[in-house]
Amino acid sequence: MPELPDLEVFKRYLDSTSLHQYIEKTEVKSGKVLGSVSVGGLKRGLEGRKFESTRRHGKHLFVELDDGGWLLLHFGMTGGLKYYKDVGEAPTHTRVLFYFANGRHLAFDDQRLFGKVDLIGDPDHFIAEKKLGLDPLDLDFRAFRGRLEGRKGGIKATLMNQQILAGIGNIYSDEILFQARLHPRTSVARLDGDALHNLHEQTRRVLHAAIERGADPGVLPDSFLLSHRREGEDCPRGNGKIQKTKAAGRTAYYCPACQPEG
DNA sequence: AGTACCACCTGACGGC
DNA sequence: TGCCGTCAGGTGGTAC
């Protein structure tokens, strides 16, 4: 699940459950999700500390410790968080487990092991090093246009490029392009000012709507493509049947009538 | 700069 | 029922 809206939901969840409590113990159940930090390094860095605040940038979640260090969480394709009391409630694919002094636990769950848990010195340094683009929710139209202007690629690939905009993935790029009525392979260079303006509007509208609904595609409005994102389904506008195609190396769903190619 | 393909993993699903 | 290919909301490397 984890694209920008999911990450925002994870951030709020962590904020409302896991801040300001001593971390008594950290257990690494799969070292594969660790970045550069070792198992011992993670334990030494976290045990006896507290989580004090969080920051989200695109698909990355940064958790500030009470000694100034930062925990970095990236959720890959299948990652998530669960805060719980009883051991039996642990999610199936718990990879890292934080034990708080109040007896509660926070699990970093990730079936496919593409997620990452790491310790870093400073989020801004990390963002600069990875050359991550700006978070689309932080961008006004001028800045948004500035990020896209001069690009030669397809619009779906561009929206999903984390070095251009940070946070949009395969699912939400499909939704944004449906709302903006753009075919996923439309060349960015062909978009005029009005098209860019509309794309910016739809990007913000889609991401905010998803966050408001807890990033649960099941409760999105019926007017959203995501409620109909299967080949042959009716387009929510009643204009045709949803088709799939390839764009940016991923499967893209779209309505050929609403989003004509070319 | 942009794209296509592969790899990293686990699991669900459809076809036979 | 069981096996097999394919695909899945991410990212990084390589090659063209």
Side-chain angles (χ1 to χ4, degrees), chain A residues 1-10 28-36 56-61 72-81 91-96 108-118 126-127 129-133 135-136 146-179 183-191 203 206-207 209-211 213-220 224-232 242-254:
Chain A
M1 315 177 259
E3 298 184 32
L4 187 155
D6 308 275
L7 264 288
E8 184 61 28
V9 170
F10 295 162
V28 177
K29 293 180 178 285
S30 174
K32 287 193 176 173
V33 299
L34 296 188
S36 53
R56 182 188 62 73
H57 185 97
K59 301 176 190 172
H60 292 273
L61 183 59
L72 164 69
L73 300 176
H74 188 279
F75 296 89
M77 286 182 90
T78 53
L81 296 174
T92 317
H93 307 286
T94 299
R95 306 307 187 185
V96 179
F108 177 87
D109 179 77
D110 182 17
Q111 181 205 122
R112 287 176 72 186
L113 296 167
F114 293 160
K116 275 288 166 280
V117 174
D118 211 345
F126 177 88
I127 290 164
E129 198 171 65
K130 302 267 282 186
K131 300 186 167 65
L132 291 176
D135 191 283
R147 298 303 298 163
L148 300 197
E149 250 171 5
R151 304 276 170 190
K152 308 214 113 184
I155 185 60
K156 183 174 171 75
T158 302
L159 288 179
M160 289 177 59
N161 184 333
Q162 302 300 299
Q163 302 197 347
I164 298 174
L165 297 174
I168 299 170
N170 197 32
I171 284 282
Y172 286 101
S173 60
D174 275 0
E175 186 64 59
I176 291 163
L177 293 174
F178 174 74
Q179 296 298 333
H183 186 281
R185 285 189 297 271
T186 301
S187 161
V188 174
R190 279 192 54 254
L191 300 179
T203 298
V206 165
L207 296 176
I211 290 167
R213 290 166 175 77
D216 177 356
V219 299
L220 288 173
F224 274 45
L225 173 73
L226 293 187
S227 306
H228 310 258
R229 192 177 178 271
R230 261 182 311 180
E231 199 163 31
I242 302 304
Q243 279 187 19
K244 67 177 180 180
T245 183
K246 284 279 181 191
R250 312 291 296 277
T251 304
Y253 290 82
Y254 73 111

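Everything quoted here is computed from the prediction, not taken from an experiment.
- Not a single donor-acceptor pair under 3.5 Å links the side chain of Asp109(A) to the backbone N or O of Leu81(A).
- Judged by distance alone, with hydrogens and angles left aside, the side-chain atoms of Thr78(A) form a donor-acceptor pair with the main-chain N or O of Arg112(A) at under 3.5 Å.
- Atom C1' of nucleotide dG12(C) and atom CE of Met160(A) are separated by 14 Å, given to the nearest angstrom.
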Contact pattern, 5' to 3', of nucleotides 9-16 of chain B - B, S or - by protein heavy atom under 4.0 Å: BBS-----
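- Proximity of a side-chain donor or acceptor of Asp216(A) to a complementary backbone N or O of Leu220(A) within less than 3.5 Å is not detected.
- At distances below 3.5 Å, not a single donor-acceptor pair connects side-chain atoms of Asp174(A) with backbone N or O atoms of Ala252(A).
- Across the protein-nucleic acid pair, Lys131(A) atom NZ and dG12(C) atom P stand 12 Å apart, rounded to whole Å.
- Rounded to whole Å, atom C1' of dA8(C) lies 10 Å from atom NZ of Lys246(A).
- Among the atoms of the strands shown, none is found under 4.0 Å from any heavy atom of Ala248(A).
- Atom pair His57(A):NE2 and dT11(C):P shows a separation of 12 Å (rounding to whole Å applied).
- The C1' atoms of dT10(B) and dT1(C) are separated by 22 Å, rounded to the nearest whole Å.
- Computed from coordinates, the Arg229(A) CZ to dA8(C) P distance equals 8 Å when rounded to whole Å.
- Rounding to whole angstrom units, CD1 of residue Ile168(A) and C1' of dG9(C) are separated by 13 Å.
- The phosphate of dT11(C) has OP1 or OP2 within less than 4.0 Å of a side-chain N or O from Lys59(A).
- Using a 4.0 Å heavy-atom criterion, one finds that Gly115(A) contacts no nucleic acid atom at all.
- Residue Lys156(A) is classed as having no contact, given no heavy-atom separation below 4.0 Å to the nucleic acid.
- For the pairing with Lys156(A), the side-chain hydrogen bond (donor to acceptor under 3.5 Å, both in side chains) check across Asn170(A), Thr245(A), Asn161(A) returns one residue only, Asn170(A).
- Between His74(A) and dG10(C) there is no side-chain polar atom (N or O) within less than 4.0 angstrom of OP1 or OP2.
- Thr251(A) comes within 4.0 angstrom of the backbone, heavy atoms only, and of no base.
- Gln179(A) places no side-chain N or O within 3.5 Å of a backbone atom of Val206(A) that could act as its donor or acceptor partner.
- Between the His57(A) side chain and the Gly133(A) main chain, a donor and an acceptor come within less than 3.5 Å of each other.
- For the pair Lys244(A) and dC7(C), the criterion of a side-chain N or O lying under 4.0 Å from OP1 or OP2 is not met.
- Checked by atom type and distance alone, the side chain of Glu3(A) pairs as donor or acceptor with a backbone atom of Tyr172(A) at under 3.5 Å.
- Taking atom CZ on Arg230(A) and atom P on dC7(C), their separation rounds to 17 Å, with Å as the unit.
- Between the P atoms of dC3(C) and dC9(B), the separation comes to 24 Å (whole Å).
- The residue among Asp6(A) and Gln163(A) whose nearest nucleotide of DNA chain C lies closer to the 5′ end is Asp6(A).
- Judged purely by distance below 3.5 Å, without hydrogens or angles, the side chains of Asp118(A) and Ser36(A) pair a donor atom with an acceptor atom.
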Which dot-bracket string describes DNA chain C (Watson-Crick N1-N3 plus N6-O4 or O6-N4, or G-U N1-O2 and O6-N3, all under 3.5 Å; [ ] crossing; | other strand)? .|||||||.|||||||
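- Below 30°, between 30° and 60°, or above 60°: for Phe75(A) and Phe10(A) the angle between ring planes is between 30° and 60°, a tilted geometry.
- Protein atom CD of Glu129(A) is 16 Å distant from nucleotide atom P of dT11(C), rounded to whole Å.
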